[in-house]
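In what follows, every chain begins at residue 1, and chains take the letters A, B, ... in the order their sequences are listed. Not measured: the values here are computed from a predicted model. Note that these values count all heavy atoms, side chains included, but never hydrogens, waters or copies made by symmetry.
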Amino acid sequence: MQNQNKVKLSRRDFFKASGLAAAGISGGGLLGGLTPARAKGATPPPMWESRYSACDMCFNKCGLIARVEKGVVTKLDPNPKFLKSRGMLCARGNAGIAQVYDPDRLKHPLLRKGARGEGKWQRIPWDEAIDMAAQKMQEIRKKHSPCGHLFTAGADLQSQFVGRFAEVYGSYNVTSHESLCLLSGTRGFLDTFGEVPFADLLNSKYVIMAGANRFEALVTPDSIDLMTAMRENGLKLVVLDPRYTKTAALAHEWYPIRPGTDMIFMLALMHVIIDEKLFDRQWIEEKTYGIEQLSEHVKQYTPQYAAQECGVPAEDIARIARELAADAPRSMVYPGRRSSDYENSSQIRRSFALVNGLLGNWDKPGGLLAARAVGLKGVPYDPPWYDENPDDRIDAHAAPALFEHDGSFVLTREAVLKGEPYPIKGWFIYKTNPMVNAPNRKKTIQMMEQMDFVTVVDITMSDTAWMADLVLPSQSYLERQDPCSGLQGSVACACVIKRDPVIDPLYESRPVFNILKDIAGKLELGEYFDFNIPGYRKQQLRDLPDAEAAMDRDGVYYNPSKVYGIYEDRIYKTTSHKIELYNQRYEQMGLDPLPVYTPPQKIPESRFRLVVGRNAYFTHGSTCNNALLHELTPENVLWLNPDAAKILGVRDGETVEVSSSVGRGEIKAKVTEAIRKDTVFMYTGFGPLSKGLSLIQNSGASIAALLEDQHDAISGNAAMHETFVTVTRKVA
Amino acid sequence: MAKQQFAMVIDSSKCIDCKGCVISCKVANKVPEGFSRNWIKASVPAFSMGPRTRTHFQPGACMHCDTPTCVQACPTGATYKDAETGIVEIDNSLCIGCGNCIPACPYGARFRNTAIRKADKCDYCPERRAAGLLPACVDTCPTKARVFGDINNPDSEVSRMLSRNKGKVIKIVNAQTDTKPNMYYIGETAPTDWTTAAVVPASMTVMKEVSPLIKGIVGLSGLGVLAMLGRQFLAGSSDSHEPEHHDEEARHD
Amino acid sequence: MTRLFKRHDKSDIFIHWFNAACWLLLLVTGVGLIGNPDIDPVGSWYPDTLRTLVGGGGNLLTIHVVIGFAWILGFLWYLTVNARGAAFFLREVFMVSPARDMAWMIKKMVLMTLGPKPLKMIGMAPELPEQGFYNMGQKAFAQASVVGGVVIAVTGVIMFLSDKVFTAETAWIVSWSVTLHYIAVGLVFAGLLVHVYMAAISPEERPGFRSMFTGHVPEDYARHHHGLWYREISSEPAAKGE
């Protein structure tokens, strides 16, 4: 057991400062203490040890303190010194205990016995499992070249080792969860500012939030800072969402915008701001490229035109534009995170970026901030070269602006199914669940079926593990030792965290690092994994001499790096070295250099647009089966507007059948005015195939089964809001 | 120093309904499945308001009232208002699980814990406080909507919040049963119409009503005995059948 | 030498005094378990003090429960060793001859408190009707003790089982048990005061009181106090000789 992460907690100042320390009542009595009536007296403090860690219940990695009693974690508390999360732990963070001690956890390696997905497994020893995984990888590499093997890893501190393994094994084919999530937004902002910004919500005065639900899909510190600024700094929040989310519920204004029309709203904002000259002309001329083209371009997008398309009244659009400009640069269109929505999501998000550009909020308080210096270093290595490999990734050129390290899951899958330009027959998956998160599940099943060997490393029998050949039990975040990670916390901090085990590993679970290291050894790639985690961290921290001690003391290291004005002496990583309102590279690539509004496809008669999302109580498929969180969200339901329900004859709570062109599902209807008449909504993560998730058997419907597999034309990101469904009352 | 009154001052406008407090409390206090010691209530949105449709989320828990109806409903005093801290406590060792206190709370703060089969509710996490920590719900709250402290201590954050918000503090009370709660909502809060009148079970009411009668009967009996005693001393025994010498002889047995 | 008649078995004597001792302790501890000003028999100082003395209400409850179970076990033991005695007792106690016993009861109450004069004034003879093994006063208290005892024991066991078998849906049974326990103890206690006076303080029942140690009563006492019983046993051949 490592002791590095032990918290040296002096009693927190709270009680001392406010004189709250309980007046201790003591004394000896006849039977174990004279207890005065009607006073409880002093309670002994718990006999726990406190250890720092970082949460892993979603991607945020909030700092926590694990309370450990006799080798068992009994409570997870926020680390009050962890500024990125503002010293909080949400419901999921608190429910981490139920993940670690989940009776459904994988306990030992399992080898598929029956047909794929049949659920027949044989327990095998680790040695055999490692030998088998290595042997299959070797066979595939020999037969199909190293690129014949696909590697997929979720957001995790050890995922970098999957990437490292893939590279030294020789495969370019690595996908992440990001191409099912945020790459469109990344594309849009990267292709405007040259990097992906962080929102300084705490100091902002006016925020338009579209395509984001920050009070339910929590991002730290954004979710907290947004509320703090609203309550204490008078921030005004305007939400555009077809659904009455909790963010909408707490906003100053909520517009149930027609899905897929956010872009014209943004274009109309720019129309008003430019038309009424509400921007800082000098700053725009100095810092941006293409204001003339933009001015010309947005002339057509009048508030009246936008109103017809998006449903927000023209006068409100104009007013919001003026209010936004009045508070500039302390105002913004919030960039958002998940943007796997539409086939033109990169351009939609670019329209968000352009409004921000026009507001001149870049690198300024209350605006969009550049990434701060963290100081964590990469750990370089020199991968071998494989002559037999093809030229590029399997999904190369399937979309014009793919991300090199993420690719596109949807496009990779398409190519794998076609076997073109080359076959992929092996798949290694760590801690991500494309069977549940990727649209069009049938295709993922086909992809699985055409594989020679699929290895999944996870902590429970996810749907993806359920379809694998070899399932290896990994450790939870409280059992693992992880490398350091640099985190961007907007105005709150730029920090470094690490994870050390707070308890001994349960069952036969092993970290993916050890698994990969062992396999690498068998494949004569051992030299690339000839290190341990503490040694790896030392290399990461080589420029931060104080970091290790700070992390041991406080659970986190802060780099007191510059927050604002980072670009005062820096050039933008764009073609023009300026903020690109007009994107020259897009022009060269034959893409629209300025976002051109095309109306979303008309919803066919008696169908609905299906939109998906989540609440603050679960993180997609990874937490639906968590006993504590399951109490809050036992299943998913279909949000259906009362007018639509009336026409369909559906009553609240009744089971309905939802069908798309690719699949169907049965789900209970929640009849509510919180959703537009033309749209239905459901949570992600439910309706699993795996029988290894005992709490959510036959609970709700699967978005993966229902969603069609369109993709964002530019980034290759999945486009998950392009599916139309029918809803019919289920006849009992 | 004056007697303490631990209390919660809640800025419910800050609550985003993340339910961190609910799960944190469940873990800290090992609350069984299906139950919770605390809650977040939501106002019903009026969609007719269009863009200004709002929902207000309202965190809550036991209000540690000054005149707690749960205490009045408890026959054993297992639940009591702590003289030192003002916390309404449950002494599990003295709770006989009669369940009287559960409907007696206008806020539904109590439940029968299925694991221990006794009354359960918020007690402001005594073990955590002993360790110098805040109650689990307060500690974990992202927006710090829940603030905890001693309102009798003028230097506490809760006291400062109350004085800063004078005139804007809302207490949620039931029209029929004002228990004088120590849960203070600052600014606006909603909903406020969710309480129920305290219900004391018929068995407890009967006991309370019969109590004077029982005492009367015991008193009458006692009076009777006194009368007999009096007569014994004043008039001698009414029974003349027992000669004195029997008394002497019987002693030999 | 006065003729003596056997009135109580050794087991009878034991169970009587065991019952008395349990009652005393259960009363002392039980009253201390009532912690509510609306039903406190003697005020909150009593439970407060007692709980402080034993280190908390939980300890007091444990003590009460242990004694309570001992009390119940004592009676179960008695039933196994002297079932016939128990049956005899119950038969005697619950066999009431209304005309004779009621008249006895009323006259006795007047005689004990006001003396014979009021009876004479309303033209009633102060002589008491003859009584059997138990007089009506003893019967009344014994009936109350038996019925009350069963109620107290059953409700006590229910309260004990509350956190073992009862659920939120069935907790009302526990709650009513509290009420019944309280009422039953109160009523039996009212009778107990008279019982204690009559048996232990009033001189006329002194031989009866003594028989609760010796098991025997003198002939004179039996004749005058339990005439019907006396006539029954004095003709029995096995009766003790003079």
Tabulate below the donor-acceptor pairs under 3.5 Å that side-chain atoms of residues 191-200 of chain B make, not counting sequence neighbours, or state none.
residue, atom, partner, partner atom, Å
B/W194, NE1, B/Q58, OE1, 3.0
B/W194, NE1, B/P191, O, 3.1
B/T195, OG1, B/N174, ND2, 3.0

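Closest approach of C/S175 to B/C98, counting heavy atoms only: CB-O, 3.5 Å. Taking both residues in full, the closest heavy atoms of B/Q232 and C/Y197 are given as OE1-OH, 2.7 Å, listed atom of the first, atom of the second, then distance. Across all non-hydrogen atoms, the minimal contact from B/R231 to C/P116 is NH2-CD, 3.4 Å. Nearest approach of B/I96 to C/S162, heavy atoms of both residues: O-OG, 2.8 Å. Closest approach of C/R51 to B/T76, counting heavy atoms only: NH2-O, 2.7 Å. The heavy-atom pair separating C/N36 from B/V71 by the smallest distance is ND2-O, 3.8 Å.
The distance from the CE atom of B/M207 to the CG atom of C/L180 is 9.5 Å, given to the nearest 0.5 Å. For the atom pair CG (B/L94) and CG (C/N59), the distance works out to 10.0 Å, reported to the nearest 0.5 Å.
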### Message
Let's go through C/I39 and B/M204 carefully: what are the C-alpha distance in whole Å and the side-chain angles of both, what is the deciding distance for side-chain contact (heavy atoms from CB on, under 4.5 Å) to 0.1 Å, and is it a yes or a no?
### Response
CA-CA 10 Å; C/I39 53 171; B/M204 186 68 188; 4.3 Å; yes

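A donor-acceptor contact shorter than 3.5 Å links the side chain of B/R117 to the backbone of C/V165.
If you measure heavy-atom distances from C/M198 to chain B, the contacts under 4.5 Å come from the side chain alone. Within the 4.5 angstrom heavy-atom criterion, only backbone atoms of C/L114 (N, CA, C, O) approach chain B. Heavy-atom distances place both the backbone and the side chain of B/A202 under 4.5 Å from chain C.
Atom NZ of C/K164 has more than 12 heavy atoms from other residues, nucleotides or ligands within 6.0 Å. C/M212 CE: more than 12 foreign heavy atoms inside a 6.0 Å radius.
Close approach to chain B, defined as a heavy atom under 4.5 Å from one of its heavy atoms, is seen in no residue of residues 24-32 of chain C. Residues of residues 211-222 of chain B that come closer than 4.5 Å to chain C, counting heavy atoms only, are B/S211, B/I214, B/K215, B/I217, B/V218, B/S221, B/G222, ordered by residue number.
Annotation: maximal heavy-atom pairing with chain C below 4.5 Å, among B/G97, B/G77, B/S203, B/S93, occurs at B/S203. For the set C/L187, C/V174, C/T179, the entry with the most heavy-atom pairs within less than 4.5 Å of chain B is C/T179.
Side-chain atoms of C/I201 and B/M228, non-hydrogen and from C-beta on, never get closer than 4.5 Å to each other.
In this structure, C/H181 has no ring pair (Phe, Tyr, Trp, His ring centres under 6.0 Å) partners at least two apart in sequence or on a different chain.
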